[in-house]
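What you see below is based on every heavy atom in this structure, not just the backbone, and it leaves out hydrogens, waters and symmetry mates. Quick note on labels: first sequence line is chain A, next is B, and so on, each numbered from 1.
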There are 2 protein chains.
Amino acid sequence: MGRQATEMLKGTLEGIVLAILSTRAAYGYEITAWLREQGFSDIAEGTIYALLVRIEQRGLVDVAKVPSEKGPPRKVYSLNAQGREYLEEFWKTWAFLTERLEQLRQGGDQA
Amino acid sequence: MGRQATEMLKGTLEGIVLAILSTRAAYGYEITAWLREQGFSDIAEGTIYALLVRIEQRGLVDVAKVPSEKGPPRKVYSLNAQGREYLEEFWKTWAFLTERLEQLRQGGDQA
DNA sequence: CGGTGTATTCGGTGTTGCTAAGTACCGGTA
DNA sequence: TACCGGTACTTAGCAACACCGAATACACCG
């Protein structure tokens with residue numbers, strides 16, 4: 001989607017992944033595929049894996065190694081209590097941002 | 001506002017400033033003060049100036065040096081045609097992101 | 001045995017916002 | 001005069017994040 005999207009994803013992508021994991025446990029490959037389906041056409045594979053490693057190191061998710069029928073074992077991530085708290089904060093920050101931008105958009109349309 | 005906000009601002013702050021400039025010309029100090037009023041409490045002064053330099057170098061804004069009664073001359077920025085185009089793209093990307101996240105938020109609330 | 005699809009890892013790059021310090025100009029005050 | 005606070009901009013170095021490209025590993029199929 002271009003340069004703007006790349007920069008806007010910073011910080012947001014983390015929230016997106018946490019939000020996905022709040023509905024169900026998932027592994028990297030699966031998440032990447034799902035995001036592509038949702039229109040995040042050019043999210044790099046490596047980006048998701050790196051992100052997953054980060055949130056694991058911060059203790060926001062639990063990990064389970066599950067054998068796959070069709071490849072190497074999967075690392076299945078699930079959101080834990082701390083992750084849920086963090087996700088709450090994310091939504092608050094997101095709400096603040098969207099409010100400000102909604103105001104700006106309306107103001108800009110008038111001018 | 002913390003780490004999350006910092007990361008989420010990346011890419012978004014640029015759009016915010018362009019949106020401000022689409023309503024009226026402004027200079028750095030003024031923009032910083034306005035943002036603080038709007039609740040962006042800890043946006044660093046240097047951040048805005050650096051951003052303004054970037055968008056100027058990309059040719060999105062025009063600059064005029066205007067003497068001030070109370071200090072060194074102001075650099076007043078105004079959005080030009082290219083900047084307006086770029087801002088349009090920004091809004092599109094932003095709309096895409098908000099759509100996805102709105103869906104995720106609803107899904108997450110159910111689970 | 002080589003190729004395709006699944007699944008993860010790693011090193012290096014560019015962009016961005018933050019920190020912190022410095023420069024410059026002006027008015028008021030001691 | 002000398003100093004301080006408010007205005008206004010600049011700069012150098014840092015940390016975090018998404019991207020790119022390549023590599024690794026496993027399973028099945030022709």
Side-chain angles (χ1 to χ4, degrees), chain A residues 1-18 25-36 40-58 60-61 63-77 86 90 93 97, chain B residues 1-18 25-36 40-58 60-61 63-77 86 90 93 97:
Chain A
M1 295 198 58
R3 218 185 51 75
Q4 294 193 60
T6 292
E7 293 308 322
M8 259 189 263
L9 274 180
K10 291 189 180 178
T12 313
L13 187 56
E14 185 176 285
I16 292 173
V17 169
L18 291 175
Y27 56 99
Y29 194 80
E30 188 184 7
I31 295 173
T32 305
W34 186 84
L35 286 173
R36 288 206 215 276
F40 294 98
S41 47
D42 48 29
I43 283 191
E45 193 114 13
T47 298
I48 297 300
Y49 287 111
L51 194 159
L52 289 170
V53 167
R54 281 202 304 273
I55 62 179
E56 180 189 354
Q57 282 171 350
R58 284 197 211 127
L60 306 178
V61 288
V63 190
K65 220 161 211 169
V66 177
S68 160
E69 324 83 40
K70 290 194 154 198
R74 299 164 174 166
K75 286 179 73 176
V76 175
Y77 295 83
Y86 192 86
F90 170 81
T93 307
L97 254 190
Chain B
M1 296 198 58
R3 218 185 49 75
Q4 294 193 58
T6 292
E7 291 308 322
M8 261 188 262
L9 275 180
K10 292 189 179 177
T12 313
L13 187 55
E14 185 176 284
I16 291 173
V17 170
L18 291 175
Y27 56 98
Y29 194 79
E30 189 185 6
I31 295 173
T32 305
W34 186 83
L35 286 173
R36 289 205 216 276
F40 294 97
S41 46
D42 48 30
I43 284 190
E45 191 113 13
T47 298
I48 297 299
Y49 288 112
L51 194 159
L52 289 170
V53 167
R54 280 202 306 271
I55 62 179
E56 180 189 354
Q57 282 171 349
R58 284 199 210 124
L60 306 178
V61 288
V63 189
K65 220 162 211 169
V66 178
S68 161
E69 324 84 42
K70 288 193 154 196
R74 300 165 173 166
K75 285 179 74 176
V76 175
Y77 295 83
Y86 192 86
F90 170 81
T93 308
L97 252 190

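The separation between A:Glu45 atom CD and D:dT24 atom P is 17 Å, rounded to whole Å. Separating the CG atom of B:Leu52 from the P atom of D:dT11 is a distance of 13 Å, rounded to the nearest angstrom. A:Asp42 places its CG atom 16 Å from the C1' atom of D:dG21, with the value rounded to the nearest Å. In this entry the distance linking NZ of B:Lys65 with P of D:dT10 reads 7 Å, nearest Å.
Judged by distance alone, with hydrogens and angles left aside, the side-chain atoms of B:Gln4 form a donor-acceptor pair with the main-chain N or O of A:Phe90 at under 3.5 Å. Although no hydrogens or angles enter the test, the distance criterion places a donor-acceptor pair under 3.5 Å between the side chain of A:Glu30 and the main chain of A:Tyr27. Judged purely by atom type and a 3.5 angstrom limit, B:Tyr49 uses its side chain to pair as donor or acceptor with the backbone of B:Tyr29. With hydrogens and angles disregarded, no donor-acceptor distance shorter than 3.5 Å links the side chain of A:Thr47 to the backbone of A:Ile43.
Residue-to-nucleotide proximity on DNA chain D shows that, of B:Tyr77 and A:Gly11, the 5′-proximal contact is made by B:Tyr77. When each of A:Ala50 and B:Ala50 is assigned the nucleotide of DNA chain C with its nearest heavy atom, A:Ala50 is the one assigned upstream, toward the 5' end.
Under the rule for a side-chain contact (heavy atoms from CB on, under 4.5 Å), the partners of A:Lys65 that lie at least two apart in sequence or sit in another chain are A:Pro73, A:Lys75.
Counting 5' to 3', DNA chain C first comes under 4.0 angstrom of a heavy atom of chain A and last does so at the ends given by C:dG5 to C:dT16.
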Test log, rule side-chain contact (heavy atoms from CB on, under 4.5 Å), inputs B:Phe40 and B:Ile16
CA-CA 11 Å; B:Phe40 294 97; B:Ile16 291 173; 3.9 Å; yes

Before giving the answer on side-chain contact (heavy atoms from CB on, under 4.5 Å), spell out for B:Arg3 and B:Met8 the whole-Å C-alpha distance, their side-chain angles and the decisive distance to 0.1 Å.
CA-CA 9 Å; B:Arg3 218 185 49 75; B:Met8 261 188 262; over 6 Å; no

Requested in this report: Determine, step by step, whether B:Leu18 and B:Ile55 satisfy the side-chain contact (heavy atoms from CB on, under 4.5 Å) criterion, reporting the C-alpha distance in whole Å, the side-chain angles of both residues, the deciding distance to 0.1 Å, and the verdict.
Outcome: CA-CA 9 Å; B:Leu18 291 175; B:Ile55 62 179; 4.0 Å; yes

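Within the structure, every side-chain polar atom (N or O) of A:Lys10 is placed at least 4.0 Å from both OP1 and OP2 of D:dC19. Taking side-chain N and O atoms only, B:Tyr27 has a distance below 4.0 Å to OP1 or OP2 of D:dA8.
B:Glu30 comes within 4.0 angstrom of no nucleic acid atom, judged by non-hydrogen atoms across all strands.
Here the straight-line distance linking atom CG of A:Leu52 with atom CG of A:Leu60 works out to 11.0 Å at 0.5 Å rounding.
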Name the pairs: protein N/O against N/O of nucleotides 27-30 of chain D, kept only if under 3.5 Å.
from	atom 1	to	atom 2	distance (Å)
D:dA27	O3'	A:Glu69	O	3.3

